[in-house]
Amino acid sequence: MPSNLGIDLGTANSLVYMSGKGIIIDEPSVVAMDIDKKKVLAVGNNAKEMIGRTPGNVIALRPLQSGVIANFKITEAMLKHFICKTHSKLFNFSRPKVVICIPSGITQVEKRAVIEATFNAGAKENGIFLIEEPMAAALGCNLQVEEPIGNMIVDIGGGTSEMAVISLGGIVTSNSLKIAGDTLNEYILNYVKKEYNVSIGNQSAEKIKIELANVYEPEEKKFMEICGRDLLSGFPKKIFITSLDVYNAIREPIFDIIDAIKLTLEKTPPELSADIIEMGITLTGGGALIAGLDKLIEAEIGIEVKVADEPLKSVVNGTGIVLEHMGQFFNTLKSSY
Ligand code: ADP
Ligand code: MG
């Protein structure tokens, strides 16, 4: 019997859950390619290390951009790498069943393409099940999705922020926004360019965000030293960035996300919004780790916000729950073929 897999193919991170074992892969969604030979050189951690350090003919790609599959062949190569890592010998009779997450706004054509890529990567025919990301996230956060009550989940990832109201095992209202963790990095990068005349890389911007971002009570005393390139002289330059800088840099996209949450609530039937007011909103995805975001949303919307225990793992844990209780969730699953 092959072990079945639950896969969270995120824009920033991909995680794989194996039935009976738990999470066995947690790597960045990055593929390094030799563009001359059109060959995949590395996937995941190994590929991420190559970013910014590669010779001209090697590029590092994130195959899922803004939550949609920007490049199918490369996505397939990435899936193949992960599936092969979990199953050293893949025979036809031992192909695993796979529960795989898809963004909630994906089209029928895109769904078919995900199934095909998953099959080509080694999954069992008739054994590929798609589950919408907010549903998996909600399951992974232990929300009672099968009950006749409204649950609201907000998943802020790298490329997209997905929010949904779930009741009776289905998504009642959802919204997917292309403003998420990557956007915050871009705003930090642009802010540093404008305010300090210094150019920094995306990885530095991400480091600044993780270390300093606080969107509720930014502290001017909290700072870090960062090295970039002076745009006037062209030489390397050290600058100090404060938590207040970061707040000013990311305020706009943070409020865009909050506006989208408000909009999703406005589209929610009144009975279910009453439940949400009572039960609160669950915040997950890497973006849930931004300090003070829960408090800011509470202050802006007036509903209690709970941060998931393991925001980076909610979705894959949700696919794991589905794998372990396949029969129970059958109606929730969008089956294929
Ligand atoms: P995806 O599901 O799209 O792959 P993830 O849920 O894995 O995304 O979250 C990745 C995003 O979360 C990235 O933009 C990353 O910078 C951000 N992130 C991770 N940890 C933190 C943190 N401690 N503070 C703020 N942002 C974080
Ligand atoms: Mg995700």
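Counting convention: from 1, in listed order, for ligands and their atoms alike. As a basis for the values below, the full set of heavy atoms in this structure was taken, side chains included, without hydrogen atoms, waters or symmetry mates.
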**Student:** Considering heavy atoms of the protein only, find what lies nearest to atom 15 (C) of ligand 1 and give residue, atom and distance to 0.1 Å.
**Tutor:**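 Looking at atom 15 (C) of ligand 1, the protein heavy atom closest to it is E206 OE2, 3.0 Å.
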
**Student:** Side-chain heavy atoms under 4.5 angstrom apart, residues restricted to Ile, Leu, Val, Met, Phe, Trp, Tyr: same cluster for M279 and V165?
**Tutor:**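 Unlinked, M279 and V165 end up in two clusters.
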
**Student:** Which residue holds the protein heavy atom closest to atom 3 (O) of ligand 1, what is that atom called, and what is the gap in Å?
**Tutor:**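 Heavy-atom neighbour on the protein nearest atom 3 (O) of ligand 1: T11 OG1, 2.5 Å.
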
**Student:** Any N or O on D155 sitting closer than 3.5 Å to an N or O of ligand 1?
**Tutor:**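 No.
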
**Student:** Students should be able to answer this: which protein heavy-atom is nearest to atom 25 (C) of ligand 1, and at what distance?
**Tutor:**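 The closest heavy atom on the protein side is I290 CG1, 3.6 Å.
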
**Student:** Quick one: side-chain hydrogen bond (donor to acceptor under 3.5 Å, both in side chains) pairs with a partner in residues 275-302, sequence neighbours left out?
**Tutor:**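 Sorted pair list: T284-S314.
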
**Student:** Short N/O distance, under 3.5 Å, between G286 and ligand 1?
**Tutor:**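 Yes, at least one N or O pair falls under 3.5 Å.
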
**Student:** Among all protein heavy atoms in this structure, tell me which lies nearest to atom 23 (N) of ligand 1, with the distance rounded to 0.1 Å.
**Tutor:**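 Going atom by atom, the protein heavy atom closest to atom 23 (N) of ligand 1 ends up being L289 CB, 3.5 Å.
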
**Student:** Any side-chain to backbone donor/acceptor pair from E27 onto N45? Under 3.5 Å, distance only.
**Tutor:**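 Yes.
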
**Student:** Are any of the N/O atoms in D8 less than 3.5 Å from those in ligand 1?
**Tutor:**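 By distance alone, the answer is no.
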
**Student:** Quick one: look up the protein heavy atom nearest atom 7 (O) of ligand 1 and list residue, atom name and how far away it is.
**Tutor:**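 Closest protein heavy atom to atom 7 (O) of ligand 1: N13 ND2, 2.7 Å.
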
**Student:** Taking the six-membered ring of Y187, is NZ or CZ of R251 closer than 6.0 Å to its centre and within 45° of its axis?
**Tutor:**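 No - R251 does not lie over the ring of Y187 by the 6.0 Å and 45° rule.
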
**Student:** For the side chain of N248 and the backbone of D245, is there at least one donor-acceptor N/O pair under 3.5 Å apart?
**Tutor:**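 Flag not set: sc N248 to bb D245 has no pair under 3.5 Å.
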
**Student:** For ligand 1, indicate whether the residue V315 contacts it via side chain, backbone, both or neither (heavy-atom separation under 4.0 Å).
**Tutor:**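 V315 to ligand 1: no contact under 4.0 Å from either part.
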
**Student:** A12 to ligand 1: N or O pair under 3.5 Å?
**Tutor:**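 Among all N and O atoms of A12, at least one is under 3.5 Å from an N or O of ligand 1.
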
**Student:** Is there a donor-acceptor pair under 3.5 Å between the side chain of T242 and the backbone N or O of L244?
**Tutor:**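 Here the side-chain-to-backbone pair exists.
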
**Student:** Report the member of S161, P28, A213, G10 with the shortest heavy-atom distance to atom 2 (O) of ligand 1.
**Tutor:**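 That would be G10.
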
**Student:** G158 versus ligand 1: do any nitrogen or oxygen atoms come within less than 3.5 Å of each other?
**Tutor:**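 G158 vs ligand 1: N/O contact under 3.5 Å present.
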
**Student:** Between the side chains of T264 and T173, is a donor N or O closer than 3.5 angstrom to an acceptor N or O?
**Tutor:**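 T173 and T264 do not have a side-chain donor-acceptor pair below 3.5 Å.
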
